[in-house]
Participant: 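To start, I am sharing the structure in question, which I have written as structure tokens.
Everything numeric in this text was worked out from a predicted model, so none of it was measured. Atoms within a ligand are numbered from 1 in the order they appear, just like the ligands themselves. Side-chain atoms are counted along with the backbone in the values below, which use heavy atoms only and exclude waters and symmetry mates.
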Amino acid sequence: MKKKINARFIQIGILSIVVTSLVMTAAFYAQVKRQVFSDLHIMAEILIEEDSIENQVDNLRITVINKDGSVAYDSDVDASKLSSHLDRPEVQEALKKGTGEDERRSDTLSESVFYYALKMDNGQILRVGKEARSVFSILLSTLPVSIGIGILLVLICMMLAHYLTKSMVKPIDKMAADLDHINEVEVYPELVPFARKIRAQHEEILSAANTRQEFTANVTHELKTPLAAISGYAELMEAGMANEGDIKRFSGEIRKSAARLLTLINDIIKLSQLDSGNAGEVLEPVNIAEIAEDSVEMLSLGASKNQVTISYEGVKEADVKIGKELAQELVFNLIANAVRYNKKGGKVFVKVFKDDTHILFSVEDTGIGIPKEHQERIFERFYRVDKSRSKELGGTGLGLAIVKHICSLTDGDLVLKSEVGKGTKISVTWKVE
Ligand code: ADP
């Protein structure tokens, strides 16, 4: 960027130098021309006044032209040899207006001839002509000085450009060098929103990196426990240290740990799929009421073993742009939690309602509830109120993180209400488009 700004400054400098010299030369030449014509005018008046037309005047060509264009007198050339001068622009003009002027290039480029014509009382035209330097020759003669001054100006221009660019870019450099203190560096007011955005992004990246690191550490830890159990029981059996009864028990433990690993890995895969930006995809509309009803039926059997009943209440049809897989994931996770953290003889109410503007899905239970201080954090990955209870019941600590992710992906408004000992209600509201 620095180089570009620098080059642009120099370009502008050179352009203004060239334009200024051309304009100055043109102005100077126009002035010379005016002066020459004014001199010629005065000369012509004097010649007529003093009746001395046929006198030789240095540097001046005097011509007298008859009305018909024939030349009556010429101070430089034999008049009889000259052809009609009627076609000369200055003569034409003088015939019409009384006076006329013209500038003509002489044979050499360096000189121009200026003519001034004046109509006399007797109808003849008096024309005085003078050779003077042409614009080209003026340009040429001033060229060395112009180039010298030009080079000097370009050098000054380059130096100024260098310092100007440096001072312009300095705050930006400072800002880039120390992103952590972006707010303290004095930058241009125009750059403040930009700087704020960069800082916000910078912080976001840092926190995302932190979260990822924490997540990886948690995953590793969570995987380790069932793997250690599997390997421990297998080792005991391998060493022949287990009797018939033990083998059955150990195999059961191994199966449980393996199942736990599977659910854990499945949840991790789901989360990473959500993380990897399904957000850009268009999610097809799905009847969330049907999915809720199906899930109630599916989970009822398992729940009844814990003496928990699940019921569905609500509409038959409510389409949400969520996609079938995410819808099932969301509904299943919430109902499974409501059963898992319930009490014996407890109830779970699953509802889907709809009006002109919103679709509401809620899962309410009469379970153990969530203490206030944990309510905000339970949507974090691997956060559990009671770790051992969750593990015992096959929880991974990832269910609500997945739910939250799905809600933000589908613009669903997620609300949690819970009271310890009484129960929990989690609801999601979508706007109908
Ligand atoms: P888990 O696999 O442990 O259930 P979740 O992310 O689904 O993980 O839930 C996180 C924690 O939130 C749970 O461990 C539990 O402590 C608490 N929780 C979730 N749902 C409920 C509920 N319906 N009633 C009481 N506690 C709940």
Side-chain angles (χ1 to χ4, degrees), residues 211 214-215 217-226 256-275 292 295-296 298-300 302-303 306-312 326-351 360-409 412 414-428:
T211 315
E214 212 174 288
F215 182 63
N218 277 328
V219 166
T220 318
H221 179 76
E222 296 286 335
L223 291 175
K224 257 188 184 164
T225 328
K256 252 198 242 161
S257 290
R260 181 164 173 67
L261 275 178
L262 262 179
T263 31
L264 202 61
I265 287 170
N266 271 335
D267 276 358
I268 292 166
I269 289 174
K270 262 171 237 148
L271 260 182
S272 87
Q273 274 169 348
L274 288 169
D275 278 342
S295 304
V296 167
M298 222 164 61
L299 292 164
S300 281
N306 298 321
Q307 293 166 26
V308 173
T309 51
I310 318 175
S311 65
Y312 174 78
L326 297 190
Q328 282 173 336
E329 196 64 46
L330 174 86
V331 172
F332 183 90
N333 274 320
L334 290 181
I335 302 179
N337 277 352
V339 174
R340 196 179 285 149
Y341 304 104
N342 222 315
K343 302 170 190 163
K344 274 216 166 95
K347 287 192 168 67
V348 176
F349 307 98
V350 180
K351 295 175 187 170
L360 174 104
F361 164 68
S362 67
V363 179
E364 191 174 357
D365 62 60
T366 55
I368 59 170
I370 303 159
K372 272 259 162 338
E373 65 271 26
H374 295 285
Q375 289 187 4
E376 238 178 56
R377 300 204 59 193
I378 55 164
F379 294 97
E380 287 172 21
R381 294 168 187 201
F382 293 116
Y383 191 86
R384 288 170 276 210
V385 178
D386 180 348
K387 213 164 187 164
S388 54
R389 176 169 182 151
S390 157
K391 277 190 179 172
E392 208 179 288
L393 298 168
T396 59
L398 293 174
L400 288 182
I402 292 175
V403 165
K404 190 179 174 188
H405 218 318
I406 294 173
C407 287
S408 75
L409 214 59
L414 182 65
V415 178
L416 164 84
K417 270 188 201 145
S418 186
E419 212 174 306
V420 176
K422 284 201 170 157
T424 304
K425 180 176 179 178
I426 296 183
S427 52
V428 186

Participant: When you look at NZ of K391, are more than 12 heavy atoms from neighbouring residues, nucleotides or ligands closer to it than 6.0 Å?
Facilitator: yes
Participant: Is there a donor-acceptor contact under 3.5 Å linking the side chains of T424 and S418?
Facilitator: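 Side-chain D/A pair, T424 to S418: present.
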Participant: Just list the N/O pairs, ligand 1 to protein, that are under 3.5 Å apart, with the distance for each.
Facilitator:
unit_1	atom_1	unit_2	atom_2	d
ligand 1	2 (O)	T396	N	2.7
ligand 1	2 (O)	G397	N	2.7
ligand 1	3 (O)	Y341	OH	3.1
ligand 1	3 (O)	S390	OG	2.6
ligand 1	3 (O)	G397	N	3.4
ligand 1	4 (O)	N337	OD1	3.1
ligand 1	4 (O)	R340	NH1	3.1
ligand 1	4 (O)	Y341	OH	2.7
ligand 1	6 (O)	G399	N	3.3
ligand 1	6 (O)	L400	N	2.8
ligand 1	7 (O)	N337	OD1	3.3
ligand 1	7 (O)	N337	ND2	2.8
ligand 1	7 (O)	L400	N	3.3
ligand 1	8 (O)	G397	N	3.3
ligand 1	14 (O)	Y341	OH	3.2
ligand 1	16 (O)	V385	N	3.1
ligand 1	20 (N)	N337	ND2	3.4
ligand 1	23 (N)	D365	OD2	2.9
ligand 1	24 (N)	T424	OG1	3.4

Participant: By side chain to side chain donor-acceptor pair (under 3.5 Å), which residues pair with D365, not counting sequence neighbours?
Facilitator: none
Participant: More than 12 heavy atoms of other residues, nucleotides or ligands under 6.0 Å from CZ of F215: yes or no?
Facilitator: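 Yes, the 6.0 Å shell around CZ holds more than 12 heavy atoms from other groups.
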Participant: Name all residues meeting the side chain to side chain donor-acceptor pair (under 3.5 Å) criterion together with Y383; count only those two or more places apart in sequence or in a different chain, and write none if there are none.
Facilitator: H374
Participant: Check side chain to side chain donor-acceptor pair (under 3.5 Å) between R384 and all other residues, then give those that pass, not counting sequence neighbours.
Facilitator: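 With sequence neighbours excluded, R384 shows a side chain to side chain donor-acceptor pair (under 3.5 Å) to E222, given in chain and number order.
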